Protein chains: 2
Amino acid sequence: MGGMRRAHHPAIEELSLPEVMAALSDPLRIGLVRVLADGAERGWGELRAPVAKSTLSHHLRVLRDAGVTRTRQEGTRCFVTLRRQDLDERFPGLVGAMLGAADAEDVGGGVHLAPCAGSTAACR
Amino acid sequence: MGGMRRAHHPAIEELSLPEVMAALSDPLRIGLVRVLADGAERGWGELRAPVAKSTLSHHLRVLRDAGVTRTRQEGTRCFVTLRRQDLDERFPGLVGAMLGAADAEDVGGGVHLAPCAGSTAACR
DNA sequence: TAGCTTGTTCGATATTCGACGAACAACGAA
DNA sequence: TTCGTTGTTCGTCGAATATCGAACAAGCTA
């Protein structure tokens, strides 16, 4: 894909509380985190949100730079996961509390997974 | 004091997760919340932060508008409290987790209380 | 090699945010 | 009434953010 020379993923000790809070203060990004909350790895293209492709890319970058998600590249496509364990280690309970509140009021409900034409392993 | 016609305090049901997260994503504001974390009401003038008075007022307004703090006016001065109970009711565990993380890395350490020349009831 | 797919990056806007000093308003005190 | 105190609001600036469409780059595929 594009100029993604190598996505930077901050180490656990580099996670910054204000930066993580800021990353989690946008409805769309909260929606993305909710979609990833079950711990499963999701394909970039599986993610659906009511914004342009470049905007979605931007938000995923903010989450990645803050250390909230991890992006793995395989061939020409990307897979995203929530860094739940790292976050819980550094900021115990924070993500869980945020997710609980977000679910309760359906924050970022516009984000969801592609209808995933229920075939075999196509949807991972 | 100034044009503060009537500070608006959102009701519990009006609290917005993204807005609260945003309010808690600034180091200085996190510092203010930490200072108020013991539940005690603090005088505005007691609060010390390495910014201009107008900037401090701005940050306190952001916290108030988001529903994080409550401001009470008595005569010519203001008293601020953390709306811990309301926040916990709406977003269980969120503030606690944030405070735990903030304490661990001393986020907003530049904010503190005035040396409070240890007299009688002068402090509060 | 030529083309297709998949994300990223590049401008270009429009908006918001943090910070400051100065002016202002409300209240108590002299 | 005239001050002094206490915060808020205003106007301004530079930096950051959200969004979009277009261009681009890296890897499959034909």
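Within every chain, numbering begins at 1; the chains are lettered A, B, ... in the order of the sequence lines, protein sequences first and strands thereafter. Just so it is clear, the structure is predicted and the values come from calculations on it, not from any experiment.
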Can you check whether [X] has a side-chain N or O nearer than 4.0 Å to OP1 or OP2 of [N]?
X        : N       : answer
Arg61(B) : dG18(C) : no
Ser57(A) : dT8(C)  : yes
Arg64(B) : dT8(D)  : yes
Arg29(B) : dG18(C) : yes
His59(B) : dA19(C) : yes

Check ion pair Asp86(B)-Arg90(B) (N to O, under 4.0 angstrom): no
On DNA chain C, compare the nucleotides closest to Thr55(B) and His58(A); which residue's is nearer the 5' end?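 By nearest-heavy-atom nucleotide position, the 5'-most residue is His58(A).
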Can you measure [X] atom [atom1] to [N] atom [atom2] for me and round it to whole angstrom units?
X        : N       : atom1 : atom2 : value
Leu32(B) : dG18(C) : CG    : C1'   : 14 Å
Asp65(B) : dC17(C) : CG    : P     : 11 Å
Arg42(B) : dT6(D)  : CZ    : P     : 18 Å
Leu28(A) : dC20(D) : CG    : C1'   : 14 Å
Lys53(B) : dC24(C) : NZ    : P     : 14 Å
Trp44(A) : dT9(C)  : CH2   : P     : 12 Å
Gln73(B) : dA25(C) : CD    : C1'   : 11 Å
Leu56(A) : dG21(D) : CG    : P     : 14 Å

How long is the gap from CZ on Arg29(B) to CG on Leu56(B), to the nearest 0.5 Å? 11.5 Å
So how far is it from Arg48(B) CZ to His112(B) NE2, rounded to the nearest 0.5 Å? 7.5 Å
CZ (Arg61(B)) with more than 12 external heavy atoms under 6.0 Å: no
Side-chain contact test, heavy atoms from C-beta onward, threshold under 4.5 Å: evaluate it for Arg84(B) versus Val95(B) and give yes or no. yes
Selected nucleotide, minimal atom distance to Cys78(A) side chain, candidates dT8(C), dG7(D), dA18(D):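 Nearest nucleotide to the side chain: dT8(C).
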Begin from the C-alpha positions of Val68(A) and Leu87(A) and carry the test side chain to side chain contact (heavy atoms under 4.5 Å, CB included) through to its verdict. CA-CA 7 Å; Val68(A) 175; Leu87(A) 291 165; 4.2 Å; yes
Does [X] reach the main-chain N or O of [Y] with its side chain, forming a donor-acceptor pair under 3.5 Å?
X        : Y        : answer
Arg42(B) : Gly39(B) : no
Arg70(B) : His9(B)  : no
Arg77(A) : Gly43(A) : no

If each of Leu60(B) and Val62(A) is mapped to the nucleotide of DNA chain D with the nearest heavy atom, which maps nearer the 5' terminus, i.e. the 5' end? Leu60(B)
Stepwise, does the side chain to side chain contact (heavy atoms under 4.5 Å, CB included) test hold for Thr69(A) with Thr81(A)? CA-CA 5 Å; Thr69(A) 60; Thr81(A) 52; over 6 Å; no
Protein-nucleic acid N or O pairs under 3.5 Å, nucleotides 2-4 of chain C:
none

Filtered N/O pairs between nucleotides 28-30 of chain D and protein, under 3.5 Å:
none

